[in-house]
S.K.: 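Below are the structure tokens for one structure; questions will follow.
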Amino acid sequence: MIYRQLAADGVSIKGRPIKAGNDQADHFILFSSADGAKTFDRIRDFGDYGEMYLSLLRVQDKRLLLTFTVRDLKPPLGVRAIIGTETEDGFEFDFAHDRILLDTKTGSRFQGGGFGPTVQLNDGILVTSYSYRGEDGKSHLEVVRWRLR
């Protein structure tokens with residue numbers, strides 16, 4: 001199985017077409033291949049338009065952690081995390097609930113931040129790096145250290 005981020009003008013969310021004027025309407029799609037990656041079948045959409053740049057991590061307690069960027073369409077912009085589980089068919093994440101807001105500093109500005117991959121240290125601490133667009137109009141870089149419960 002493969003997660004892929006696609007522009008909405010390339011492959012829209014089923015039943016919800018959108019005309020993208022830029023890459024702010026990208027979204028996640030899960031594809032699967034049964035023939036060694038010669039062809040792929042679309043399994044399902046994850047999340048919503050404007051949610052992109054995913055990073056998937058199996059944390060020490062075996063849960064899955066998905067971090068991703070929210071851009072343009074759904075302020076406040078920034079990096080989010082969702083805890084999920086692995087299933088026989090792939091992954092389960094509840095995008096409608098249980099979102100952890102790791103960064104909201106870009107706020108309601110058009111764009112300018114995100115890109116938050118996460119790593120876990122030996123002591124269980126999670127470290128997520130990201131960028132955000134400040135009030136000064138410039139991009140800033142930060143790292144947040146945090147724990148799951």
Side-chain angles (χ1 to χ4, degrees), residues 1-32 40 42-87 89-149:
M1 276 185 235
I2 186 170
Y3 260 125
R4 176 119 189 252
Q5 174 184 310
L6 291 175
D9 58 351
V11 180
S12 62
I13 294 174
K14 191 172 184 175
R16 294 185 49 218
I18 189 172
K19 293 188 183 212
N22 56 38
D23 68 351
Q24 301 304 307
D26 285 2
H27 64 286
F28 307 138
I29 301 173
L30 180 65
F31 288 87
S32 179
F40 287 89
R42 181 177 180 168
I43 304 300
R44 69 177 180 209
D45 298 297
F46 282 91
D48 202 354
Y49 292 118
E51 296 177 342
M52 55 191 79
Y53 308 121
L54 69 86
S55 174
L56 188 62
L57 174 70
R58 183 183 316 280
V59 294
Q60 292 169 353
D61 67 7
K62 305 300 182 212
R63 293 182 290 174
L64 297 177
L65 175 67
L66 178 69
T67 53
F68 59 95
T69 298
V70 174
R71 308 245 348 236
D72 191 29
L73 302 174
K74 298 172 102 178
L77 309 184
V79 177
R80 307 290 180 267
I82 299 176
I83 300 300
T85 57
E86 188 169 6
T87 67
D89 297 350
F91 318 110
E92 290 296 327
F93 293 98
D94 184 354
F95 280 84
H97 304 93
D98 304 326
R99 289 177 179 236
I100 301 167
L101 305 178
L102 296 175
D103 158 50
T104 60
K105 291 184 177 180
T106 296
S108 61
R109 286 176 286 290
F110 172 66
Q111 63 175 322
F115 317 106
T118 300
V119 296
Q120 188 170 39
L121 305 178
N122 289 338
D123 65 1
I125 295 277
L126 295 159
V127 179
T128 305
S129 61
Y130 60 87
S131 64
Y132 69 92
R133 182 74 46 108
E135 294 289 335
D136 59 5
K138 296 180 181 178
S139 292
H140 301 266
L141 304 176
E142 284 189 351
V143 173
V144 61
R145 296 169 49 97
W146 56 290
R147 284 191 186 273
L148 287 172
R149 294 188 190 257

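These figures come from a predicted structure and were not determined experimentally. What's counted below: heavy atoms across the whole structure, side chains too, no hydrogens, waters or symmetry copies.
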S.K.: With rounding to the nearest 0.5 Å, note down the distance linking CG in D98 to CD1 in I83.
M.R.: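 The distance works out to 9.0 Å.
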S.K.: As an exercise, state the distance from NZ of K62 to CD of E86, rounded to the nearest 0.5 Å.
M.R.: 10.5 Å
S.K.: Write down the atom of T67, the atom of P117, and the distance for their closest heavy-atom approach.
M.R.: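 Shortest heavy-atom separation between T67 and P117 comes out as OG1-CA, 4.0 Å.
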S.K.: Grab the two heavy atoms, one from D103 and one from S131, that are nearest each other, plus how far apart they are.
M.R.: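 Looking at all heavy atoms of both residues, the closest pair is OD2-O, 3.8 Å.
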S.K.: Charged N to carboxylate O below 4.0 Å: is that the case for K105 and E142?
M.R.: yes
S.K.: Quick one: closest heavy-atom pair of T128 and Y130, and the distance?
M.R.: O-CD2, 4.0 Å
S.K.: Could you work out, with side chain to side chain donor-acceptor pair (under 3.5 Å) as the rule, every residue matching D61, not counting sequence neighbours?
M.R.: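 D61 satisfies side chain to side chain donor-acceptor pair (under 3.5 Å) with R63 once adjacent residues are dropped.
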S.K.: Can you name the side chain to side chain donor-acceptor pair (under 3.5 Å) partners of D136, sequence neighbours left out?
M.R.: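 Here the qualifying residues are H140.
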S.K.: If you take all heavy atoms of L66 and F93, which pair is closest and at what distance?
M.R.: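 Residues L66 and F93, closest heavy atoms: CB-CE2, 3.7 Å.
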S.K.: If we only count heavy atoms from C-beta on, is the V144 to V79 side-chain gap below 4.5 Å?
M.R.: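 A side-chain contact is absent here, since even the closest heavy-atom pair is not under 4.5 Å.
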S.K.: Looking at every heavy atom in both P76 and V70, which two are closest together, and how far apart are they?
M.R.: O-CG1, 4.3 Å
S.K.: Are the aromatic ring centres of F95 and F68 under 6.0 angstrom apart?
M.R.: yes
S.K.: As an exercise, state the distance from CG of L77 to CZ of R133, rounded to the nearest 0.5 Å.
M.R.: 10.5 Å
S.K.: With the side chain counted from C-beta on, respond yes when L65 and Q120 share a heavy-atom pair under 4.5 Å apart, and no when they do not.
M.R.: no
S.K.: Apply salt bridge (charged side-chain N to carboxylate O under 4.0 Å, His left out) to E51 and R80, showing your working.
M.R.: CA-CA 9 Å; E51 296 177 342; R80 307 290 180 267; over 6 Å; no
S.K.: Nearest heavy-atom pair of D123 and R147: which atoms, and what distance?
M.R.: O-NH1, 3.2 Å
S.K.: Enter the distance from T85:OG1 to L64:CG here, rounded to the nearest 0.5 Å.
M.R.: 7.0 Å
